[in-house]
Amino acid sequence: MIKITLPDGSSREYEKGVKVIDVAKDISEGLARVVVGAVVNGKPRDLTYQLHENSEVELVKFESEVGEDIFRHTSSHILAQAVKRLFPGTKLAIGPAIENGYYYDFDSEHKFTEEDLEKIEKEMNKIVKEDLEVERFTLEKDEAIKLMEEKGENYKVELIKDLPEGETISFYKQGDFVDLCAGPHLPSTKKVKAVKLLSLAGAYWRGDENNKMLQRIYGTSFEKNKQLKEYLKRLEEAKKRDHRKLGKELDLFTMHEEGPGFPFFHPKGMVIRNILEDLWRKEHYKRGYGEVKTPIILNEELWHKSGHWDHYQENMYFTKIDGADYAIKPMNCPGALLIYKSNMYSYRDFPFRWGELGLVHRHEMSGALHGLMRVRNFTQDDAHLFMLEEQVKDEIKGVIDFTDYLYNIFGFKYRVELSTKPEDSMGTQAEWDLATDSLRAALEEKNIEFRINEGDGAFYGPKIDFHLEDAIGRTWQCGTCQLDFQMPQRFDLTYVGKDGEKHRPVMVHRTIFGSMERFIGILIEHYAGAFPTWLAPVQARILPISDKFNEYGEKIKKQFEEAGIRVELDTRSEKVGYKIREAQVEKIPYMMIVGENEVKNGTIAVRDRAEGDLGEKNTEDFIKIIKEKIKTKVNDSPNA
RNA sequence: GCCCAUGUAGCUCAGGAGGUAGAGUACUUGCAUGGUAAGCAAGAGGUCACCGGUUCAAAUCCGGUCAUGGGCUCCA
């Protein structure tokens, strides 16, 4: 319970659901007010309590834990203040708190360098030590504009002009530094203890690529140095999980200058990929899907018809065959549509579910490429479902269940978003509303939490997106389920209804893995390269103690091979410690050491990559244990 | 595509104020046949990303291109 006690003995209690973070004094208009930085329903907010004139305020008690947002936000003001001190001509744009830190965007003649970051960091620490009081004051809109114009802060002026009329505008002041800000903030700069600037980046003003590129400085801060150290250590750990590094180290895939954005899969990478594909096929057949395969290159005319020419051309590759124009497919749907049109259908035939592991090419911007997560050619685990309108909800629910089932096999947590009509789209608002509502209804009936991602739908329809997280918390869209009323119209898809008339089917596009490439990238990071046995490219390696036992090793190898286990035999003339180290670095689930004892007893000495030495085992028994693990797809790689 | 940074042996990285390069590891060979995370030794490996300019001389300085990394924008 938080209470403010006034000199006259009366007190004020805060309402339920409000977590008080800190107080800042309001210095405007001689009014005595206390502004409380609080968290209301998870969102930071200023709560203003108007008190009696001339009354003194004392906060008797407040929550000791400072909301991270507020903490980081004040840090970003300190950053801006430091930059202003060191580079006086700099103009301020925006500087919010973000997850694990904050940034501030600057417009400066001076190009910030890495060395500057160190200088700025020093200055920030100075500001912290100065223990500047953070004061809030408010102005009417015109006064606010005037103040910012005087200071030459044209970006701030632009921000204020966009604020609604009639609202008073709050500023925060610390020492000689004033910034437009909704707050709340810490009461003093001294509350920030461990300041660290992380990186420099470019960012467009207001996130629009037509605007000026500003200089963004990313940083983080903590109450204690120890927390900062822990955070930096976590970042280091995360780097070790980077799929680009592990992919190279584990010999799974490589990227080459000769094909930017076009990944090369190595034999071990293909093992994982093929296992995923096998799993994918098996689960699809179980759920009534058929599999199709459509060409990579199709006549350009088709892409005019589908709308891709108008809405997706920038991302497409083109080629010529016998003088005619062709396009390399960026999506698989037109192929599925042509298959649909090759037949006549009755309403009794629905739904159709056609899966396709479809190789698509998209010309992504060079700066967007990122390991396996963002590439220029990738295989979508696509499917196109054709259905009657009354089947839509059930089909969508089926896709949601299917997605959940597959993600659970890997132990993934995921986030769901509903993406709505983008600016560049086809079809009427009514069609979009209907499609969006159908998706929403399916999600609601499944009781799935989701957020709305305004304007992020495909050009032909809204979509449900499934996002998975990578090693450092970036999330990537993998699964997607898109409802499409457009393609069936454009391609004049029909079926014959009960009434003998032609009707229009509804189409759903969906992926679960998203793309094999991205999904494998996520998997590598998820398991930190230590794949569960069922996915591991090499499941077991036999390590003879010396050359003398290679022959016995061969025998064991055969036994494992016959059981369908991916096994290797290391016959090199190295010491066993060396072989173990290599197998460990390669994150092979099981090592079988064979020497004199094992030959004598007809056994193997098993070592688990995570648990260590498991002792001598009967070969047949151990094979059974591994086979069982593979069958049940146990995710058995904790911190290996 | 835009901003910033980076590009030296298969990998991880030193070095170089202009005079054509070095370590560790990996690789090859020899010795060693060793019981749970690196045995010893020798050898081979590089147009210092690419193209152009300045210079007697460029891996080094300058310009451009390409690629990579972090962001922005865009997306599975």
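It should be emphasised that the depicted structure is a prediction, and the values quoted were computed from it without experimental measurement. Reminder, nothing fancy here: chain letters follow the sequence lines and each chain counts from 1.
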Strictly below 4.0 Å: does [X] bring a side-chain N or O up to OP1 or OP2 of [N]?
| X | N | value |
| --- | --- | --- |
| A:Gln584 | B:A37 | no |
| A:His370 | B:G70 | yes |
| A:Arg244 | B:G70 | yes |
| A:Lys111 | B:C4 | yes |
| A:Lys579 | B:A38 | no |

Nearest to the side chain of [X], which nucleotide is it out of [options]?
| X | options | result |
| --- | --- | --- |
| A:Tyr578 | B:A37, B:C3, B:C27 | B:C27 |
| A:Glu209 | B:G39, B:U36, B:U73 | B:U73 |
| A:Glu257 | B:G7, B:A76, B:G70 | B:G7 |

Query raised in the report: Whole Å only: how far is the CG atom of A:Leu117 from the C1' atom of B:A5?
Result: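 Rounded to whole Å, this separation is 11 Å.
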Report task. Return yes when atom NZ of A:Lys196 has more than 12 non-hydrogen atoms of other residues, nucleotides or ligands closer than 6.0 Å, and no otherwise. Result ->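 Incorrect, the count does not exceed 12.
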Query raised in the report: Taking atom CD of A:Glu551 as the centre, does the number of heavy atoms from other residues, nucleotides or ligands within less than 6.0 Å exceed 12?
Result: no
Query raised in the report: Hey, does the side-chain of A:Tyr204 have a donor or acceptor N/O within less than 3.5 Å of a partner on the base of B:G71?
Result: no
Query raised in the report: Do the side chain of A:Glu314 and the base of B:G1 come within less than 3.5 angstrom through a donor-acceptor pair of N or O atoms?
Result: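 Such a pair does not exist between side chain and base.
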**Report entry** C1' gap between B:C31 and B:G15, integer Å
**Finding:**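 Their C1' atoms lie roughly 34 Å apart.
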Report task. Between B:U60 and B:G7, how far apart are the C1' atoms? Round to whole Å, please. Result ->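 Each nucleotide's C1' atom is 14 Å from the other's.
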Query raised in the report: Is the A:Tyr289 ring parallel, tilted or perpendicular to the A:Phe402 ring (thresholds 30°, 60°)?
Result: tilted
Query raised in the report: Taking 4.0 angstrom as the limit, do A:Lys600 and A:Glu596 come out as a salt bridge?
Result: no
